[in-house]
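A, B, ... follow the sequence lines: proteins, then strands. Residue 1 opens every chain. Worth knowing before you read on, the calculation uses all heavy atoms, side chains too, and leaves out hydrogens, waters and symmetry mates.
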Amino acid sequence: MTAVPIIELDGLTKRFSRKLDVVERFARRLGAAIDDRAVQAVSGVDLSIAEGEVVGLVGESGCGKSTLGRMVAGILPPSAGTLRWRGRDLRELSPADRHHANLKIQMVFQDPMASLNPRLRVADIVGEAPVVHGLVPRRQAEEYVAATLRQVGLDPAYLRRYPHQFSGGQRQRIGIARALAVKPDVLVCDESVAALDVSIQAQIINLFMRLREELSLTYLFISHDLGVVEHISDRTAIMYLGRIVELAPTPELFDKPNHPYAKALLDEAPRVSVEKRRFAPIRGEIPSPLDPPSGCAFHPRCPHAMPRCSAERPALRAIAPRRWSACHLNETTGP
Amino acid sequence: MTEPLLRVDGLRTHFLTRAGTVKAVDGVDLRLDRGEILGLVGESGSGKSVTGQSILGLVDPPGRVVGGRVLFQGEDLVGAGEKRLRAIRGRRIAMIFQDPMMTLNPVLSIGTQMVEAVRAHEKVSRAEAWERSRRALARVGIASPDERLASYPHQFSGGMRQRVAIAIALLHSPDLIIADEPTTALDVTIQAQILFEVQKLCRETGTALIWVTHDLAVVSALADRVAVMYAGRVVETGTVAEIIGNPRHPYTRGLLESVPSRNRRGVPLRSIPGMTPSVLDLPEGCAFRPRCDRSSGACTVMPELTGERENRAWRCWNPVAAEARGDAA
Ligand SMILES: Nc1ncnc2c1ncn2[C@@H]1O[C@H](COP(=O)(O)OP(=O)(O)OP(=O)(O)O)[C@@H](O)[C@H]1O
Ligand SMILES: Nc1ncnc2c1ncn2[C@@H]1O[C@H](COP(=O)(O)OP(=O)(O)OP(=O)(O)O)[C@@H](O)[C@H]1O
Ligand code: SF4
Ligand code: SF4
Ligand SMILES: [Mg+2]
Ligand SMILES: [Mg+2]
């Protein structure tokens, strides 16, 4: 593949300084040496996404998926690292070009109710941004919104309604219509089907797949649901505590995961099957990003951990064509 | 056939609201034997939680059980007084909620809460109650239980809090546990830990379990039998193999076809059309009718729950053929 990736992340990092909680503030007033602590939510992520590709991003709660997604969508500035849009460092673009690039990457959120202004009618929720950004003249806004609604499978007769007058699935369609209205090239979907019932979830997944075909969209598809990601993505990235630990074409990753955490995650995810099964869970808790383990962050829970694992962090390395994994085992036991 | 541990017959629980009568539960039949795990599945609003609350007599006004029976070891709990129900709750039937803070008191240490929970139902010494609490924590995989008993809920992660709530439910080795989506908010690996402990408990102590969830994958991995709810009614019941391998109700079949991992990667999912109905505004007859591709004239009349046996039944005039297995792999 020689084409320039539509998005390229290079060492992308986000640190949050976390405010102390009540107990900690109290302790500090009594003289305890406690500083505001920094959470490294995302640490040095390298990832390139090809035009038209769907990349799935999975991992457990707090591993940094949303933070990474929000940086990609341009609504959260990185603390370090580079984000390239069609080969160009975003920081080096002119303000106008950067604005254009940001419009081309839109985000679809998990909770459509929380992300839609309850006092605006659908016509304004969907129509505002394209008018403001000069994509559509105000006179034609209504017609444009109607067409966008049809695209996501909503009856344009709903134009004058408010968000609370819709079901969860319909509200998610409105959220998608709002993102599509500015004619993006990339959609960052953050748990966009998580809040929906199974039967409605299937409708929205189908909608995402149809839009991909019709509009040649590129997706970063964030979900904790492995089944959803397996179904929709071309490649899958697995995150653990702020880092990508494995990245591979989806069928290969689900068929034969390399990283011990990826293996454990895929083994534990319940599948719909006619057979009852016995669970044999991974021991231990997910560690806190406030206090990440040394070396490989997975070592306290890893059945294969060796002395080296707590001392040295494994880098994300190519282990086969298009396959990447961050585990010392790949060096000690050759392929 | 011996008398089951729990038998729910024609349970109906309604809420009288200003907008009208919400028939949250409107005809639920269940039976459960000792040591058995029943998965209760259905979409949001189908009445799963209200069913669980009704069994325990925990429905708050304006809700009321307006019909049916809940026979627990032969005793009808629907007519039972609050005093009797309190004696049963916690000791014989325990409930685990989605949010562990429904069970835990934030200002008391875990140890204090567990000791009180033991002594509420049994006259034992504090030392004995402490010892039982330790063992219960160890059973749900919590290491160094003595130290943990001295901690407060906020010092625990969400997954650990939920395990504490489960440990409290296990204190008296109840005959029945009703668990309402207790792992929905948890991560896959933590969920697996809890499912593992729960399965072990049922196997070893004969505790029966009703696991309420919208997640078919969890149910198929955990349960012996499944009851599928739609709009306040049980529409199909059977063993996991029967429900997953050979669904007879069109809704059950549609649900299974909607699960991404049961479809070939990248092909459109065969989703159920339409929306989840509002229980305030149900169609006449079968509630699934507006979304059903098998509906006929007969469907304007509500079908009964009928089938091969009491535990293998469906509520449909035109059930999916027994041999039609779809592409259920
Ligand atoms: N604005 C913020 N301030 C401080 N810390 C934050 C902020 N946003 C996120 N974090 C922390 O960064 C880490 C990663 O959070 P993030 O929301 O990206 O995780 P996630 O993978 O999306 O999790 P989930 O699956 O629960 O949505 C967490 O430890 C979180 O507490
Ligand atoms: N206190 C109440 N007053 C009025 N209606 C109620 C009340 N509690 C529940 N309901 C209604 O009863 C119906 C069934 O609710 P229930 O909570 O049992 O659904 P559920 O199947 O558990 O859904 P979920 O998966 O969302 O938890 C819903 O339509 C709900 O709106
Ligand atoms: S680097 Fe070591 S601890 Fe980390 S996943 Fe590999 S074997 Fe396990
Ligand atoms: S009774 Fe009729 S409408 Fe209802 S599920 Fe069966 S075929 Fe469909
Ligand atoms: Mg998130
Ligand atoms: Mg519920």
Task: A:R243: partners by side-chain contact (heavy atoms from CB on, under 4.5 Å), with sequence neighbours left out - done: A:S43, A:R313

Task: Partner of B:L40 by side-chain contact (heavy atoms from CB on, under 4.5 Å), out of B:D180, B:V219, B:I210 - done: B:I210

TODO: Identify which part of B:R264 has an atom lying under 4.5 Å from any heavy atom of chain A, answering side chain, backbone, both or neither.
DONE: backbone

Task: chain A contact via B:I243 - side chain, backbone, both or neither, heavy atoms under 4.5 Å - done: neither

Open item on the list: Using heavy-atom distances under 4.5 Å, tell me whether A:T250 contacts chain B through its side chain, its backbone, both, or neither.
Closed with: side chain

Task: chain A contact via B:E242 - which portion, at a heavy-atom distance below 4.5 Å - done: neither

Task: Pairs of heavy atoms under 4.5 Å with chain A: top-ranked of B:P268, B:S261, B:G42 - done: B:P268

Task: Approximate separation, where rounding is to 0.5 Å, of A:S223 OG and A:Q201 CD - done: 7.5 Å

Open item on the list: Return the OG1 to CG distance between B:T207 and B:L201, rounded to the nearest 0.5 Å.
Closed with: 4.5 Å

Task: Portion of B:E43 that has a non-hydrogen atom of chain A nearer than 4.5 angstrom - done: both

Open item on the list: Would B:R148 and B:F156 count as a cation-pi pair here, with the cationic atom under 6.0 angstrom from the ring centre and within 45° of the axis?
Closed with: yes

